[in-house]
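Remember, it's 1-based here, ligands and their atoms both numbered in the order they're listed. One is the number of the first residue; the rest follow in order along the sequence.
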Amino acid sequence: MKKRIFSGAQPTGNLHIGNYLGALKNWVALQEEYESFFCIVNLHAITLPQNPEILKQKTLDLARIYLASGVNPQVSTIFIQSDVSEHAELTWILSCITRMGELERMTQFKDKGKDNRERASVGLFTYPVLMAADILLYQTDLVPIGQDQKQHLELTRDIAERFNRDFGATFTIPEAFIPPVGAKILSLQEPTKKMSKSDDNANGSVFLLDDADTITKKIRRAVTDSGTEISFDESRPAINNLLTIYQLLTKKSTEECEAHFAEKGYGQFKTELAETVVEFLRPFQEKVKEFDDSELQKILKDGAEKARNVATETLKDVYAKMGIVGTR
Ligand code: AQP
């Protein structure tokens, strides 16, 4: 029996190269070895206000992005979260065993809700419980994520362990898969913070669907550190970040990258990096256009059915263990 993977992304904003390098790239690399479930987490998206028409469109666009990234629907299960109502049901159950104090320690809520805590939605606060339900429903062994989701995954493990202790062995305890390089791609404009879909400054992110001109301009405008050396050095986060993107896309070793730019200046480095990103994204952007709506609907419908089969079994077990009985 193959071990299982679950991961997802929110259909909000535009996916950036950080989402790809931190998460999607690893989904593709791991999908053959594991039984894989990749979810479009539209219920997570509404923890912040969304325009319904745009959310609808982004949900299908994200499915296209999964496919263009190389997620293979013959091998992996791709589905929309709201198609499997067990995600919402298990969230309620887990909410009843998660402590307020645990959620209050989540840094993502502190970051996203900080501007107006009084008006932040309860859903934004309980978002990590929905994420725990997503993962635990599939008896997941491994969760490929970027660094920003590490704390949520640790909470998921704590919730699962508590449930198993209180009600008997029910959930597999998942492990995080955080790539050694690329787990936190930084903003091109503020390299102290991560590249983010919700960043107000679009120049901070290279979006997967940006055209060649835009990519080149964004990389040319990327801030750099003082000094001239082009080398991996975490104390110089701007160059370190740009070089990391170059390394991940070219698959060159650290030494090869540094040797390649040893005699070159920032100008030439940025030109080469821009060309690398444009060339990498070109076939991806072509592929995004390939999938028509009916093909997509079929993949998502089949995916939802497969996901539901697993999710129903887990939820049944949870209800039975907790003594929740009804007539169905
Ligand atoms: N900058 C990043 N570097 C590496 N990985 C990243 N991820 C996000 N940002 C980076 C990983 O991408 C996956 C999908 O992310 P998500 O859709 O769940 O959104 P998020 O984690 O909340 O981060 P975003 O994309 O920047 O969105 P906003 O701005 O809305 O917070 C996850 O595995 C994530 O770790």
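Sorted by chain and number, the heavy-atom contacts of ligand 1 below 4.0 Å come from Gly8, Ala9, Gln10, His16, Gly18, Asn19, Gly22, Ala23, Gln108, Lys112, Ile145, Gly146, Asp148, Gln149, Gly182, Ala183, Lys184, Ile185, Lys194, Met195, Ser196, Lys197, Ser198.
Ring to ring, Phe125 and Phe109 are close: their centroids are under 6.0 angstrom apart. With ring centers used as reference points, His87 lies under 6.0 Å from Tyr138.
Shown here are the ring pair (Phe, Tyr, Trp, His ring centres under 6.0 Å) partners of Tyr20, two or more places apart in sequence or in another chain: Phe280. In terms of the ring pair (Phe, Tyr, Trp, His ring centres under 6.0 Å) criterion, residue partners of Tyr246 (sequence neighbours excluded) are, by chain and number, Phe261. Applying the salt bridge (Lys or Arg N to Asp or Glu O under 4.0 Å) criterion to Glu256, with sequence neighbours excluded, gives no partner residue.
One finds no salt bridge joining Glu102 and Arg99 here, because no Lys/Arg side-chain nitrogen approaches an Asp/Glu carboxylate oxygen to under 4.0 Å.
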